[in-house]
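Since this is a predicted model, take the numbers as computed values, not measurements.
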Amino acid sequence: DVDPCWCVVVIFGVEIRSMQQAIETLGSMMIRCRRCCCSVLALFLLLSVGHGFTFHNNPNKASPSSSMDRTTTTTFTSTQLHSFFNTQQQQQQSQIDGTSNTFLTSPRGSADALFDWAVSVGGAQPHNYQLSTTGGASNWGAVSTAPCAAGDVLLTVPRECRITSQDWREQHADVYDTILAASLGEQNDGQVYLASHACLWLRVLQEYELQEASPFFPWLDALPREFATAVEFDDFELSCLPPFVKYLANVDRGHYSEFLALRPQLTGLLSEETLQDEELLRWAFNVVVTRARASPGDSGEAEIIPLSDMMNHAYNANADPQYDDDGNVHVVATQDINQGNTALCKCYGQPLNPSRFMSTYGFFDVAPPVTYAKFMPDQLEQDEQLAELVGYDDYKNRLVFGVENGDVSPDVWNCMTYLVLAAEGDSDAQQAFYQACTAGNDEATIQQIQDLYGAATVQALAEHVNEVLTEIDECQETMDEGGGMGLQHKHLPVIRRHNEFVRQVFKKVQWNLQQMM
């Protein structure tokens with residue numbers, strides 16, 4: 001039960017960050033409250049909020065579903081390409097005032113100022129690209145200025161404007177070798193070495209310390225001040241995550257902890273004020289994990305491309321950053337764009353894994369027609385043959401369920417069959433199945449073995465699906481019992497939406513499997 005007076009306190013005593021959060025909060029109150037008067041009051045307040053209240057803008061990066069109407073844009077004329085700083089320059093004396101940190105509490109900088117800097121100072125050339133703010137000054141994206149064809153260049157960013165781990169590593173070779181490489185080794189975060197992300201983390205902090213003396217300050221000032229990534233989740237929010245997304249969250253949080261552990265060795269590279277400012281250190285980490293991308297090639301290096309990094313994500317992305325032989329970046333249209341003011345979106349990677357988006361970026365994308373089947377990585381990586389069978393690092397794009405109808409992909413059936421053969425101890429059939437799947441795609445052998453072990457495979461997959469659904473239910477109970485309505489724990493609304501999305505998909509898969517038994 002929820003006391004009616006408490007509802008009033010909720011509405012008037014807590015900062016509501018967005019209309020969406022208010023609707024979710026009050027809707028959840030109405031569902032959980034068993035007192036008629038409270039439900040009526042909650043409904044009244046819900047309607048009042050929907051018609052008359054003003055909310056703070058969502059400070060996080062726009063989700064791929066953000067509307068692009070009611071935009072405010074400014075286009076600047078491109079200037080002649082020129083380098084604006086010497087990449088080998090020595091770090092200037094810190095300009096930060098260590099007695100206070102007002103940067104993270106100040107409003108986000110101007111999109112116009114960022115665009116002006118990128119063009120007139122950084123040498124960027126916007127051929128068909130402009131920044132747009134939607135739903136408030138802190139919810140940014142990129143849009144086209146005119147129709148264009150697939151293959152057309154939308155934006156060019158010169159090599160000098162890229163913020164790369166390679167540049168930082170070469171300028172601070174001793175620090176990299178004795179601290180970063182020695183401490184972090186060859187751990188990787190996808191295609192990127194963790195040490196490369198650490199280079200960018202330190203670079204962002206160094207530029208921050210320079211404040212307006214930094215050649216990148218307009219870009220820094222234009223970054224979000226708050227993030228909704230896993231390193232921001234509190235303990236209660238973590239307890240509301242199902243195991244797979246909790247695993248992803250703990251990976252990111254573990255990487256951040258490893259960065260923090262470097263601090264005693266970084267004296268002299270960063271000011272003591274910076275090294276002790278955990279809010280700032282966490283902010284810089286979020287900047288890197290949400291904006292960095294793998295550098296071209298298989299070097300394990302990472303980089304951030306100012307201006308290009310303002311594009312939002314979409315499953316069916318219409319833009320992609322590409323590189324020329326001189327290291328300049330050209331954002332190219334990957335499909336025809338039929339009109340100006342069209343949202344320009346790139347793919348952030350692993351488009352079929354919404355749990356990864358929620359953990360790393362603070363949103364999740366429900367647009368793809370299929371979604372990852374939530375197998376834990378250790379299930380797939382402990383057996384080399386199974387890892388090959390499911391495509392090694394590509395398994396999150398192959399082991400999928402249909403969102404609309406709960407279909408099971410062929411790769412899921414192959415994976416489950418292989419696991420069932422291992423559990424049954426039939427090593428000969430397991431090897432034959434592995435060879436049939438990987439060597440010659442022997443459909444006859446695959447079908448023969450799957451027919452023989454079909455019932456056991458269906459049962460094994462059903463157990464996996466049921467286990468995930470049980471975990472989702474337990475998370476729901478935790479949120480309900482803990483008063484999880486997005487008030488004390490501001491990330492619960494997106495966690496609820498994520499969990500409900502997973503529930504709906506897995507319920508469809510569960511029903512399909514029950515018809516096979």
Side-chain angles (χ1 to χ4, degrees), residues 83-94 122-123 157-210 213-217 219-220 223 231 251-252 254-271 274-275 280-309 321-329 349 360:
S83 175
F84 62 93
F85 75 105
N86 184 343
T87 57
Q88 298 298 324
Q89 69 181 358
Q90 296 297 316
Q91 183 72 25
Q92 302 177 41
Q93 183 178 0
S94 173
V157 179
R159 168 64 181 86
E160 292 84 1
C161 205
R162 289 163 52 197
I163 302 172
T164 72
S165 61
Q166 178 181 350
D167 286 345
W168 192 95
R169 176 172 53 81
E170 291 174 352
Q171 293 168 18
H172 302 85
D174 290 344
V175 174
Y176 181 86
D177 292 338
T178 61
I179 300 178
L180 301 189
S183 300
L184 303 176
E186 294 188 355
Q187 296 182 70
N188 65 75
D189 187 4
Q191 297 175 286
V192 172
Y193 288 128
L194 187 58
S196 297
H197 274 171
C199 291
L200 293 179
W201 180 61
L202 294 172
R203 175 68 184 274
V204 169
L205 291 169
Q206 288 177 320
E207 298 297 339
Y208 166 82
E209 286 194 342
L210 290 174
S214 165
F216 285 96
F217 183 76
W219 171 75
L220 283 172
L223 293 173
V231 298
V251 168
D252 288 342
H255 290 166
Y256 176 61
S257 295
E258 291 189 73
F259 286 12
L260 289 184
L262 300 173
R263 286 185 292 177
Q265 305 176 73
L266 299 176
T267 301
L269 187 69
L270 296 170
S271 70
T274 293
L275 292 173
L280 173 61
L281 298 174
R282 193 169 61 251
W283 174 82
F285 179 85
N286 282 325
V287 168
V288 172
V289 297
T290 59
R291 309 186 101 73
R293 56 182 285 121
S295 294
D298 298 321
S299 62
E301 302 284 359
E303 63 182 69
I304 300 174
I305 309 170
L307 204 58
S308 169
D309 69 327
Q322 301 177 8
Y323 299 82
D324 63 25
D325 292 340
D326 295 323
N328 303 310
V329 178
T360 302

List the residues meeting ring-ring contact (aromatic ring centres under 6.0 Å, His included) with F217, not counting sequence neighbours, and say none if there are none.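 F217 satisfies ring-ring contact (aromatic ring centres under 6.0 Å, His included) with no residue once adjacent residues are dropped.
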Polar contact flag, side-chain donor to acceptor under 3.5 angstrom, S165-E303: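 The answer is no; no qualifying pair exists.
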Ignoring hydrogens and geometry beyond distance, is a side-chain donor-acceptor pair present between S295 and E301 at under 3.5 Å?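 S295 vs E301: no donor-acceptor pair found between side chains.
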With a 4.5 Å heavy-atom cut-off, do N286 and W283 have their side chains touching?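 The answer is no; the side chains never approach within 4.5 Å.
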4.5 Å side-chain heavy-atom contact, V157 and N328: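 No, too far: nothing below the 4.5 Å cut-off.
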Using a 3.5 Å cut-off and no angle test, enumerate the donor-acceptor pairs between side-chain atoms of residues 255-264 and protein atoms at least two apart in sequence or in another chain.
residue	atom	partner	partner atom	Å
Y256	OH	E278	O	3.4
Y256	OH	R282	N	3.3
S257	OG	R253	O	3.1
E258	OE1	Q187	NE2	2.8
R263	NE	L260	O	3.2
R263	NH1	L275	O	2.9

Output yes when a side-chain donor or acceptor of [X] lies under 3.5 Å from a complementary backbone atom of [Y], and no otherwise.
X    : Y    : value
S183 : I179 : yes
D324 : D326 : yes
S214 : L210 : no
R291 : I305 : no
T274 : L270 : no

Pairwise distance CD(Q265) to CG(L180) - rounded to 0.5 angstrom: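 Spacing of CD (Q265) from CG (L180) equals 8.5 Å.
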Roughly how far apart are I304 CD1 and T164 OG1, rounded to 0.5 Å?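 The distance works out to 10.5 Å.
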Among R169, E170, R162, side-chain hydrogen bond (donor to acceptor under 3.5 Å, both in side chains) partner for Q166: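 Going through the options one by one, the only one that passes is E170.
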Would you please indicate if the ring centroids of W168 and H172 are separated by under 6.0 Å?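 For W168 and H172, the ring centres are under 6.0 Å apart.
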Would you call D167-R159 a salt bridge at under 4.0 Å N-O?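 Between R159 and D167 there is a salt bridge, with a charged N closer than 4.0 Å to a carboxylate O.
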Plane angle bin for W219 and F216 - parallel if under 30°, tilted between 30 and 60°, otherwise perpendicular: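 Correct class here is perpendicular.
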